[in-house]
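Notes follow once the structure below has been shown.
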2 protein chains.
Amino acid sequence: MASRAKATILDIAREAGVSKSTVSLVLQGSGLIRPETATKVRKAIEDVGYVYNRGAANLRKAHSNVIGMVINDLTNPFFAELAVGMERVFQAAGVVPFIANTAENPVRQEEVLKSMMEQGVAGLIVSPARGTMPGAFRRIEAAGVPVVFAMRRLPESRIPAIAPDNRRGACLATEHLIRKGHRRLAFFGGSSDLVVYQERLGGFLEACEAFAIPVVDRTIVEGETSRKGGMACLETALAMPEPPTAALCFNDAVAFGVILALRKRGLEAGADFAVVGFDDVAEAEHYSPGLTSVAVDTAGLGERAAHVMLKMIQSRTTRAEDHIGAVSLVVRESSGPDRSSQMGDAA
Amino acid sequence: MASRAKATILDIAREAGVSKSTVSLVLQGSGLIRPETATKVRKAIEDVGYVYNRGAANLRKAHSNVIGMVINDLTNPFFAELAVGMERVFQAAGVVPFIANTAENPVRQEEVLKSMMEQGVAGLIVSPARGTMPGAFRRIEAAGVPVVFAMRRLPESRIPAIAPDNRRGACLATEHLIRKGHRRLAFFGGSSDLVVYQERLGGFLEACEAFAIPVVDRTIVEGETSRKGGMACLETALAMPEPPTAALCFNDAVAFGVILALRKRGLEAGADFAVVGFDDVAEAEHYSPGLTSVAVDTAGLGERAAHVMLKMIQSRTTRAEDHIGAVSLVVRESSGPDRSSQMGDAA
DNA sequence: TTGATTTATTGGAACGTTCCATTTATAGCG
DNA sequence: CGCTATAAATGGAACGTTCCAATAAATCAA
């Protein structure tokens with residue numbers, strides 16, 4: 001069936017009885033060639049089972065149409081959603097994003113970035129792994145490849161970042177808890193090596209300050225940003241002499257963990273302890289109880305990041321403005337009764 | 001700071017005072033060059049901020065070290081886990097997998113596959129989008145690029161597939177429901193254009209047959225493989241004159257939807273209606289109630305697929321054996337009380 | 001010393017494209 | 001009919017690697 005060695009532009013030229021240049025022109029859809037010739041060439045392409053060699057082309061053209069997306073945790077649905085938002089934009093622009101996962105591992109991240117650079121990507125959208133060193137992107141910047149950070153940023157970096165308004169979101173959520181009447185508040189999960197953590201914690205503290213919550217009534221428990229981490233945080237907090245009655249969680253995964261741990265103790269989120277999450281993943285709505293969470297419009301941020309990237313590529317610059325996405329609080333049951341309700345649930 | 005035009009092997013050669021061939025040798029870690037020379041060259045590489053151009057290299061070498069992973073729905077945590085399993089294996093082999101999402105869209109899939117082929121991938125691991133045409137992979141096979149299907153297969157294709165034992169899993173789950181005393185059973189979600197659906201439904205029917213469940217007592221409701229689809233399935237089924245008392249769901253997402261819909265009606269999964277899922281995603285364990293589900297060892301299948309792929313590349317063949325992964329039923333609360341408590345199926 | 005052997009290094013010809021500068025064919029105009 | 005203007009097609013020189021065959025330098029055997 002198929003030829004052993006892979007067909008090249010020259011094979012097509014021979015097959016169609018034209019020159020390689022003509023084939024090349026057809027391939028890039030130039031209007032310079034006569035329609036009949038183009039048809040003839042296209043038929044030949046089909047016949048020989050030709051596969052375009054982008055590597056060879058890039059050798060001359062110098063800018064590819066692939067964009068790399070480097071994500072720190074693909075199993076987190078939050079990041080998958082981000083990816084989906086970006087893809088929507090790129091698809092329309094005829095760009096194929098290649099995704100790679102770093103599994104929150106800076107060493108792996110280095111490998112992945114290297115591989116993408118070698119592949120000649122036109123740009124890189126990155127959600128950096130925790131513990132990324134400040135200089136990790138110096139080489140890439142030096143090579144003139146545009147980079148955009150999504151969701152996370154690095155401490156002192158000039159790379160543009162697209163992220164939600166973490167501080168404001170946390171502030172909003174904390175206010176909500178305070179207005180519900182809570183006076184002993186906790187912030188659960190995350191760790192201070194993440195800029196995002198500092199922003200969210202900052203918002204939490206800002207609201208505490210604004211409502212004059214004394215420092216002793218603010219409990220801050222760092223922990224893994226996972227269900228397990230959330231469970232641990234709750235245990236730690238409840239073991240305290242004056243335990244908090246409400247918690248803002250670093251993200252939804254932590255919040256789910258807290259709800260789970262409450263249930264294990266025979267307590268119910270909402271009724272016995274108020275829980276608020278962050279990110280508003282799809283699951284938050286369907287959880288039981290529904291999780292009050294800060295919605296960050298993940299897919300929208302993905303789209304925005306993709307747009308910024310495209311613009312940077314187009315204007316061949318390596319700099320762009322940060323973009324802070326609007327946030328909103330989605331109130332559900334986990335943060336306490338809407339009225340003074342009872343759920344009809346008797347078995 | 002960095003040079004405007006990107007550095008090549010020749011720039012390094014000049015910088016280090018050697019020939020380009022020497023630099024090339026150093027780059028591929030050949031033992032032929034004197035250690036001191038190698039060091040000198042490596043320093044030059046560092047100094048000029050050189051980025052290896054794999055496209056150019058592939059022009060001669062003809063086999064790249066990138067493997068494409070084409071996945072039909074990245075937002076499904078199930079597939080993300082699959083991806084993670086593969087990555088583990090590839091990383092050890094020094095291969096970087098590039099992931100792309102087709103969003104269950106055959107047209108998009110075509111674009112993505114084309115792009116990957118153009119990029120010169122060494123192999124492709126694919127979970128084909130629903131509605132993929134039988135001939136969709138003919139060109140790729142003809143080009144001699146090894147392809148492995150993961151989780152899903154195409155109706156009449158010679159491409160090796162790595163998938164769980166769907167039939168047996170469904171059979172196991174159905175038996176479980178029957179032993180619990182259920183006599184009117186449903187199969188919820190999915191649609192018959194998927195081979196996986198046919199296998200799972202087949203297992204369901206096989207168990208029904210074995211336990212002599214009459215055909216009238218088997219309810220089959222096709223539907224979207226999502227929470228929403230699951231909710232719709234339950235509504236349809238409960239509207240019937242003699243509604244089922246238990247359901248095997250096409251996957252966990254459908255099962256979660258069913259549980260949700262039950263709750264909306266004031267019913268509780270487990271107590272009032274038995275629900276079993278398929279895939280045993282991480283969330284199944286943490287759901288409320290815990291979801292009984294068929295565990296398929298997703299990450300293990302990913303690893304297996306990656307191994308098969310590596311072997312195919314190594315032995316430059318495009319054929320391999322199918323691999324059917326073992327499954328097991330994980331019993332939790334959603335399928336009813338552990339003890340043989342009689343459930344009256346009069347609602 | 002000479003030649004043979006081993007060890008390091010090097011030029012040059014690919015690889016499959018693109019793109020510029022030409023060439024060739026076609027048409028238009030007086 | 002010759003001339004120019006336009007349209008269509010073409011050859012050749014890059015692009016950044018690898019790899020073979022060839023060279024140069026160092027070592028050894030006699």
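A salt bridge links B:Glu118 and B:Lys114; the closest N-O separation between the charged side-chain nitrogens and carboxylate oxygens is under 4.0 Å. Ionic pairing of A:Asp322 and A:Arg153 is present here: one or more N-O contacts between side-chain nitrogen and carboxylate oxygen are shorter than 4.0 angstrom.
A sub-4.0 Å separation between OP1 or OP2 of D:dA9 and a side-chain N or O of A:Thr37 is present. Between B:Ser19 and C:dT10 there is a side-chain polar atom (N or O) within less than 4.0 angstrom of OP1 or OP2.
A donor-acceptor contact under 3.5 angstrom links the side chains of A:Ser127 and A:Asn72, judged on distance only. Between the side chains of A:Thr22 and A:Ser19, a donor-acceptor pair is found at a separation under 3.5 Å. Side-chain N/O atoms of B:Glu111 and B:Ser115 include no donor and acceptor closer than 3.5 Å.
Distance A:Lys61 NZ to C:dG16 C1': 13 Å, rounded to the nearest Å. Between the P atom of C:dC19 and the CD1 atom of A:Ile33 lies a distance of 15 Å, rounded to the nearest Å. In this entry the distance linking CD1 of B:Ile9 with C1' of C:dG11 reads 13 Å, nearest Å. Rounded to whole Å, atom P of C:dG16 lies 12 Å from atom CD1 of A:Ile12. Atom P of nucleotide C:dT17 and atom CG of B:Asn53 are separated by 15 Å, given to the nearest angstrom. If you take CZ of B:Arg54 and C1' of C:dC15, they are 16 Å apart, rounded to a whole angstrom. Nucleotide C:dT17 holds its P atom 8 Å from the CG atom of B:Leu59, rounded to whole Å. Atom pair B:Tyr52:OH and D:dT18:C1' shows a separation of 8 Å (rounding to whole Å applied).
Between the side chain of A:Glu15 and the backbone N or O of A:Ala44, no donor-acceptor pair lies under 3.5 Å.
Contacts of residues 22-30 of chain A with DNA chain C (heavy atom under 4.0 Å): A:Ser24, A:Gln28.
Judged by distance alone, with hydrogens and angles left aside, B:Arg60 brings a side-chain donor or acceptor within reach of the base of D:dT18, the pair sitting under 3.5 Å. Within 3.5 Å, a donor on the side chain of A:Ser21 pairs with an acceptor on the base of D:dG11, or the reverse. Applying the 3.5 Å distance criterion, the base of C:dG12 shares a donor-acceptor pair with the side chain of B:Lys20.
Among the nucleotides C:dG16, D:dA8, D:dT17, the one closest to the side chain of A:Ala56 is C:dG16. The side chain of B:Leu10 approaches D:dT17 more closely than any other nucleotide in the set D:dT10, D:dT17, C:dC15. The listed nucleotides are D:dC19, D:dT17, C:dT9; the one nearest the side chain of B:Tyr50 is D:dT17.
Residues B:Val121 and B:Ile67 fail the side-chain proximity criterion, which asks for heavy atoms closer than 4.5 Å.
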